[in-house]
Number of protein chains: 2
Amino acid sequence: MTNKEEVQDKRHLRSIKTKQKLLQAAREIFLTVGFQNATISQIIKKAEVGYGTAYVHFSGKEEILIVLMDHVMEKFYQIAEVSFSPNSKEEARDIILSQAMDFLKMAETERNMLQLFEQAIGTSPSISAKWNAIREKFIQRISEDIAYAQKYGLAKTELNHKLVARGWFYTNEMYLWEIVRNEQQGTVEEIAKTITAVYTGGLYQTNE
Amino acid sequence: MTNKEEVQDKRHLRSIKTKQKLLQAAREIFLTVGFQNATISQIIKKAEVGYGTAYVHFSGKEEILIVLMDHVMEKFYQIAEVSFSPNSKEEARDIILSQAMDFLKMAETERNMLQLFEQAIGTSPSISAKWNAIREKFIQRISEDIAYAQKYGLAKTELNHKLVARGWFYTNEMYLWEIVRNEQQGTVEEIAKTITAVYTGGLYQTNE
DNA sequence: AATAAATATGACATTACGTCAATAATGTAT
DNA sequence: ATACATTATTGACGTAATGTCATATTTATT
């Protein structure tokens with residue numbers, strides 16, 4: 001990951017160093033004053049580079065945040081990609097519960113960065129698009145999982161799997177933000193168990 | 001509503017007229033260029049008043065939007081206040097379905113204003129707080145409804161009603177924004193029916 | 001008619017933005 | 001080694017928006 005940009009010569013090296021300095025400085029500034037209040041001037045001052053330099057490497061503070069968020073994005077994608085092939089309603093519930101738990105725990109693990117993300121989503125269309133990509137990835141995956149469960153007679157077939165998937169993800173997402181804001185009522189476990197119980201209870205067949 | 005501010009004298013009248021001009025102009029500007037891009041200069045120009053005048057009546061464009069949103073807020077509060085005392089699982093589902101439908105239809109009715117709201121929530125803490133008030137009002141109401149259903153043996157008692165209420169509202173809210181953005185997949189009816197089916201199926205007792 | 005009080009105004013200081021011509025650092029060719 | 005080319009960095013500049021405040025205008029009171 002760090003050596004993705006291959007160092008070819010001293011020139012390029014200098015460029016990369018400068019970019020790194022900017023990213024590191026931006027991270028500190030963002031976490032201190034928040035995304036909205038952060039200014040390019042603050043960042044270049046902390047990075048000890050000239051004003052124009054920031055615009056050589058990034059189009060603005062939005063793009064800096066996008067780069068900083070990339071590894072968090074990666075973690076989300078990993079969670080989205082767990083395989084799903086349960087043989088019973090109970091097994092399905094366990095898989096779904098653990099996935100919901102992983103998702104919500106991410107809020108605690110990456111709270112600081114996600115706080116920035118939340119602030120930025122409202123302001124910046126590019127960041128909003130980035131989060132949208134995560135969301136659609138999850139919804140797509142959940143949608144497939146429901147279709148699978150419906151195919152094998154585990155889930156109710158009369159429900160539109162795409163709409164159900166979206167609704168289920170939305171509940172998870174909103175609780176994620178709540179945890180990020182440290183406003184949640186119960187523990188992550190309790191939240192995950194409760195919402196999973198309602199979801200699986202409503203989606204899966206009751207008689208078997 | 002219009003005569004809430006009693007006109008006492010010509011002076012006060014002039015002040016009110018100016019305020020109205022600003023509100024009307026702001027509405028047009030907001031709907032044309034969006035909340036973020038709107039500037040005080042644009043608004044005062046359209047209202048045909050001096051620059052400083054805007055700051056006499058409002059602390060900034062956030063406060064103007066808050067006033068503009070007030071009647072939309074009112075409509076939400078009305079939806080939140082429908083009474084709930086079902087005698088059966090089916091009756092409960094019907095009430096819940098119709099409430100979800102009303103809520104989502106609001107997205108279509110007030111799409112323009114809600115688009116502004118969505119943009120502004122990310123930027124402005126005061127507007128975010130205003131939306132939060134709506135949200136908590138709904139969650140509080142839903143929470144009471146679940147507790148009622150649990151008390152009368154209609155809903156599963158092992159579930160934490162506050163957490164369930166929050167999760168259910170979140171699904172509704174996110175679909176609301178999706179409809180506001182005109183990105184929704186199905187019709188409002190289909191969405192409402194689907195999410196209500198999963199929700200009531202998961203929350204209410206199956207054997208009776 | 002003179003004075004007081006409320007309202008409205010726009011010039012001003014401030015702050016942030018993004019650009020660009022000039023400068024510095026590094027690489028290449030003779 | 002030296003001259004030239006390329007890449008990277010810099011900060012001053014023009015622009016645009018903000019909120020404030022002393023001044024002007026309008027309305028009320030004595």
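Bear in mind the structure is a predicted one, so any value in this text is a computation, not a measurement. Computed over heavy atoms, backbone and side chain alike; hydrogens, waters and symmetry mates excluded. To find a chain, count down the sequence lines: A is the first, B the second, and so on, and within it residues start at 1.
- For the pair B:Lys21 NZ and C:dT7 C1', the interatomic distance rounds to 12 Å; values are reported in whole Å.
- Inspection of the A:Gln140 and A:Glu144 side chains reveals an N or O donor paired with an N or O acceptor under 3.5 Å.
- Below the 3.5 angstrom threshold, one finds a donor paired with an acceptor across the side chain of A:Tyr51 and the base of C:dG18.
- Residue side chain B:Arg11 does not reach the base of D:dT26 through any donor-acceptor N/O pair under 3.5 Å, judged by distance alone.
- As rounded to whole Å, 13 Å separates atom C1' of C:dG18 from atom CD of A:Glu62.
- Checking C:dG27, D:dT18, D:dT9 against the side-chain heavy atoms of B:Ile40 singles out D:dT18 as nearest.
- For A:Lys10, whose side chain is taken as the heavy atoms from C-beta onward, the closest listed nucleotide among C:dG27, D:dT18, C:dG18 is C:dG27.
- Note: OH (B:Tyr55) to P (D:dA17) measures 11 Å, nearest angstrom.
- Of the N and O atoms on the side chains of A:Thr39 and A:Ser41, not one donor lies less than 3.5 Å from an acceptor on the other residue.
- Atom pair A:Lys45:NZ and C:dA16:C1' shows a separation of 15 Å (rounding to whole Å applied).
- Side-chain proximity of B:Thr53 to D:dA8, C:dA8, D:dT18: nearest is C:dA8.
- In terms of position on DNA chain C, the residue among B:His57 and A:Ser41 whose nearest nucleotide sits closer to the 5' end is B:His57.
- Summarising the geometry, the separation between CD1 on B:Ile43 and C1' on D:dA17 is reported as 12 Å, rounded to the nearest angstrom.
- Note on B:Thr18: a side-chain N or O is less than 4.0 Å away from OP1 or OP2 of C:dA8.
- To the nearest angstrom, C1' of C:dT7 lies 14 Å from CZ of B:Phe58.
- Both tests hold for B:Lys19 against B:Phe58: distance to the six-membered ring centre under 6.0 Å, angle to the ring axis within 45°.
- C:dT26 atom C1' lies 15 Å from atom NZ of A:Lys17, rounded to whole Å.
- Ranking C:dA25, D:dT18, D:dT10 by closeness to the A:Arg14 side chain, first place goes to C:dA25.
- C:dT9 atom P lies 9 Å from atom CD1 of B:Ile44, rounded to whole Å.
- Considering only the side chain of B:Val56, C:dT9 comes nearest among D:dT9, D:dT27, C:dT9.
- Residues A:Asp102 and A:Lys75 are not paired through a salt bridge, judged by the lack of any N-O separation under 4.0 Å between the basic side chain and the carboxylate.
- You'll find the side chain of A:Leu203 reaches within 4.5 Å of the side chain of A:Leu159, heavy atoms only.
- For the pair B:Ala38 and A:Glu48, nearest-nucleotide mapping onto DNA chain D gives the more 5' position to A:Glu48.
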